[in-house]
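In what follows, every chain begins at residue 1, and chains take the letters A, B, ... in the order their sequences are listed.
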Amino acid sequence: MATLFGSGIKRREDPRLITGSGTFTDDIKLPGLTFAAMVRSPYAHATIRKIDTAAAAQAPGVIAVITGKDIAGKVGPVPCAFNVPNCDLKLPPHPALATNKVRYVGDAVAMIVATSRAAARDAVDLVDVDYDPLPATVDPEKAVQPGTAQLHDEVPGNVAFTWHVAGGDADQAFAQAAVKVSLRIVQQRLLPTAMEPRSAVASYNKATGQLTLWATSQNPHIHRFLTSVTLGLPEHKIRVISPDVGGGFGSKIPGYADEFLVAYAAMTLGRSVKWTEDRSENYTVTTHGRDHVEYVEMCGTGDGTITGLRTKIHAGLGAYASTAAPGVPTILHGLMYSGAYTIPNVKGTVIGAYTNTTPVDAYRGAGRPEATYLIERLVDCYARRIGMDPALVRRKNLIPADKMPYTVATGITYDSGDYHAALDKAMELIDYRGFRERQEKARKDGHYLGIGVSSYTEICGLGPSQVAGQIGFGGGLYESAIVRVYPTGMVRAYIGTRPHGQGEETTFAQIVADEFGVPIENVEIVAGDTESTPQGWGTYGSRTTAVGGAALKNAAVKVKEKAKKLAAHLLEANEADLEWHDGKFQVKGSPAQAKAFGELALMANVAWNMPAGMEPGLEASAFFDPTNFVFPYGTHIATVDVDLETGEVTVLRYVCVDDCGPHINPMIVEGQVHGGVIQGVGEALQEIAVYSDDGQLMTGTMMDYAVPKASQMPTIESHFTYTPTPVNPLGVKGIGEAGTIGSVPCIVNAVVDALAPLGITHIDKPLTPARVWAAIQQAKGGAR
Amino acid sequence: MIPASFDYVRAKSLRDALNAIGTDGTKVLAGGHSLIPMMRFRLAQPGRLLDIGQLAELKGIDLKGRGARIGAGTSYRELLDSPELAERYPLIAEATRGIGDVQVRNRGTIGGGLAHADPASDMPAVMLALGATFNLRSKGGKRSVAAADFFTGAFTTALASDELLIDIALPAPPKKAGMAYASFEQKASGYAIAAAAAVVTKSRKTITGVTLALTGVGDRAYLADASGAVGSHGDDAALEAAVANVTKGIDVNGDIHASVEYRSHLARVVARRAIALALSRAG
Ligand SMILES: Cc1cc2nc3c(=O)[nH]c(=O)nc-3n(C[C@H](O)[C@H](O)[C@H](O)COP(=O)(O)OP(=O)(O)OC[C@H]3O[C@@H](n4cnc5c(N)ncnc54)[C@H](O)[C@@H]3O)c2cc1C
């Protein structure tokens, strides 16, 4: 049988998902279901004088109006679970329902439970909250300046933490350097915009004390744990189910007040409760991404060797620290300051700030896109300063393949890779030299073309659990899987991760089917229900395949080892004399003497004739805890045409060469790259969440927040090199976030390259026509 | 995204509709693609919707003679499905193709778009450039209003609360006119930051007439003066000069997508581009 590993078969989940046959959380219907709606603050910062719920409580269909007073001592604060050490992290209480003070537009002050969604929504308008508005602060840099509005009494100056990272001696490198370049960079706030908004349904059995919570979750086991902590409910009495999940991009990692409140309401009211946010709510309360104001600098020699990098980062956390928030701009960001290069001296300070805005947490790439972006922008500035082609500067500084595995200045060790090969391939594919010639000609005709390169590596496949402990992550980062073979030879595999669009129902089935030599139709992958799936830490950080896939592979190997022992027993042969061929164990040199996998499945499950001491059944579970992270990498190159008159940027070509090791399913890998690149191009050209100074989200709907549309996106020419990692048995690296990480800087570099003749050295993303035009006017001396 | 509760009635005839309209809290529903979103945000909370979407009296494109008559209830899709209309008024097809997406064009109606009078919507500028007249009716009578007098401000028109827009009368286009629509879109909404509709005539190489309408720029679509182009050959410098003052006297919008200055600049750019394109199609 041909192996499935490496075959670009169509995604098995798609017929279900694209014909409306999936089951999402909001599809859950239960007898006597009630509906919740949240009363949310219209102010970014205000003292609550009084909450009058009387009118709402009497409205038709309303069952309960719950306020912060009602839940005192019953629903704990919303937890933060990434307690980054050595940075004086301050985690002020985050009440599930505000009682004294609201700290961002969308902060919940009351919850309505009613017999219909419409009744609940109508009653929201009847809750009368008397607010005393306070001055707000929304910018992470301004928030920590003296005299700014203070969010939390426990956090003087709004400083959530000050985190340092260093490797080598950056200060000395800068002191001695021939060339220094610096930039102030704003990495704008983004709205993750999963297609499916968040939703939660809870049902509670008073007699058994059993809580069942359906939730849009990337990590149901983490949600079970957080629910247990927040509600004080024993963990074994909680079942969390995340059914089909329509994307998350990080925004469905955190534990939110909403889910805990829904669970609390179900427990106290004795009715099952459903809450589903609408898109406006999704934009105001579901976590945002990025939000950095950065001062960054790079130094090097006059002939193109980069010797140092320094940063000072203001990272906005929003009003409260969301579940993983403190780890994103620190661990997942600062440790990557050498990028794909041999930069020997790095030093960074990250100042986390509380602001009167929606909490910020992981968003596709989580910290690494921000690192890659600042490094790649600086490389271009440095190259321009020394008059060297930016692609050549990259080639000169990339970590050479023969130095792998390579330990960078911050102390982490990159697993494997040939970074130069990816750069060279991308340059050849886009005809880098030829484009430079065309660019030259076009400039003479008054056309502004540009080319931008970005060479990245990123840290993913999170990660060794021991490291998780050291960096303050409130959980493990191993994965586990159970492979269960039925008497008829059909297989169900239970996994601890929660794929939500990435395609592992297909790729994981490919792994298992290959191992057993059975058709893929015989294998079912089960995820998302804590009742049936083993402990896992979820799908994020491009870890599902690199960690969870490895656990699954190991479980399948265990099953096969047992099957082999059974085959030897049934064939009255020595185990060592057996070989695996085409779905059968057969005696070497005597292929007629064989036991097919299906037959072994039956014999193991009926247990009529087991070897002495062997347990009946055919199943195994495995835990996999990697020894290191994995580091996918690559080079992305874009060419652009800038319309000087309007500032409009047109991407002419987009070439990417990524390396994530061998591909289980090349089509799915390519799909991940496409999705990632589109989100990156969106970030580079058009996506931005805008707050007014008084904390109103000005981009609260899709009429103002520019999620990329197909018609606005370039054709993506996706190519690969294939370098396995030694870190896991599959040799695979994560590819879920690489596209976003690699793409943002190459677009911005290309636009700045196009405008270089005007003396433009930097424009903050997103490079909307308005911003590009303004930069052009300024460069032309319009002083506008 | 749940609207406040409301009643719904479907008009069976135009007379039926005219009798019902104007009663307190009643709002006319056509394609619903402007009204329903506003209701879902609870920016509009009408007590009763009067659905005129099924009224045959409001539908259809009549091309008898040299002009045209378009029923207010005609959908954008139906406009695009008429090759004869596109031939006589290519401007309509060019602008309509850029409105919203397939669903919006399938449901949205030309009358709804005009009555809604969104400051950034496309059809008002097209109607101004073509010199349209709007025929209105109430229980008490009929009247006609020129497009130039119809749009009175952001989301406000000459329509009285008991009036319906029945149809749109278009005069014959000037002989051998070239027409063009140029829009610079806001990337999220797809609405125009600034858009221009131009109708240009020429004699040999010389421009003999320019009608220019802009939308997205101020609180309503308006006819702008580009007569400076008349007599020129439409070279860049001449057009540049002709559009230099197209925002004069207009209170130009500034928002998170475009500053006043940038939008004013774009107004000039789309105006020039529309005239140049129309000129290339004239004759
Ligand atoms: C996603 C999206 C994108 C869009 N993009 C664009 C775009 O790019 N450009 C653009 O121009 N528009 C755009 N639109 C708006 C669209 O053009 C309007 O929805 C449509 O034109 C309005 O027509 P309707 O039939 O849907 O009107 P409705 O929403 O039914 O009604 C709109 C208003 O007009 C009134 N009304 C309707 N018919 C009459 C009548 N005959 N007499 C009197 N009053 C009447 C109604 O009472 C209501 O106040 C977009 C809409 C959406 C939802």
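- Ranked by non-hydrogen atom pairs under 4.5 Å with chain B, the options A/Arg279, A/Glu687, A/Glu648, A/Arg771 are led by A/Glu648.
- At a 4.5 Å heavy-atom cutoff, the contact between A/Met702 and chain B is made by backbone atoms alone.
- When heavy atoms are compared at a cutoff of 4.5 Å, A/Ser711 does not approach chain B at all.
- Most heavy-atom pairs under 4.5 Å with chain A: of the set B/Leu266, B/Asp255, B/Ile256, B/Val270, this distinction falls to B/Ile256.
- Between A/Lys709 and B/Ala188, the shortest heavy-atom contact is NZ-O, 3.0 Å.
- Other residues, nucleotides and ligands place no more than 12 heavy atoms under 6.0 Å from the OH atom of A/Tyr43.
- Most heavy-atom pairs under 4.5 Å with chain B, from the set A/Gln686, A/Glu281, A/Glu277: that is A/Gln686.
- In the displayed structure, B/Asp24 atom CG is contacted under 6.0 Å by at most 12 heavy atoms of other residues, nucleotides or ligands.
- The neighbour count for B/Asn106 CG, taken as heavy atoms of other residues, nucleotides or ligands under 6.0 Å away, is above 12.
- Here the closest heavy-atom approach between residue B/Ala4 and residue A/Asp122 is recorded as CA-OD1, 4.3 Å.
- Within 6.0 Å of CZ on B/Arg77 lie more than 12 heavy atoms contributed by other residues, nucleotides or ligands.
- The nearest pair of heavy atoms linking A/Thr646 to B/Tyr262 is O-OH, 2.6 Å.
- Salt bridge annotation for B/Arg40-A/Asp278: absent, with no cationic side-chain nitrogen under 4.0 angstrom from a carboxylate oxygen.
- No donor-acceptor distance shorter than 3.5 angstrom exists from the side chain of B/Lys187 to the backbone of A/Pro708, with no hydrogens or angles considered.
- Taking each heavy atom of B/Arg273 and A/Glu645 in turn, the nearest pair found is NH2-OE1, 2.9 Å.
- Of all heavy-atom pairs between A/Met703 and B/Gln186, the closest is O-NE2, 2.9 Å.
- Atom CE of A/Met195 is surrounded by 12 or fewer heavy atoms from other residues, nucleotides or ligands within 6.0 Å.
- The parts of A/Arg117 that come within reach of chain B are both its backbone and its side chain, each placing non-hydrogen atoms under 4.5 angstrom from that chain.
- Only the side chain of B/Arg42 comes within contact range of chain A, with heavy atoms under 4.5 Å apart.
- Proximity to chain B (any heavy atom under 4.5 Å) is shown, for A/Val707, by neither the backbone nor the side chain.
- When the shell of 6.0 Å around CG of B/Asp235 is examined, it contains more than 12 heavy atoms from other residues, nucleotides or ligands.
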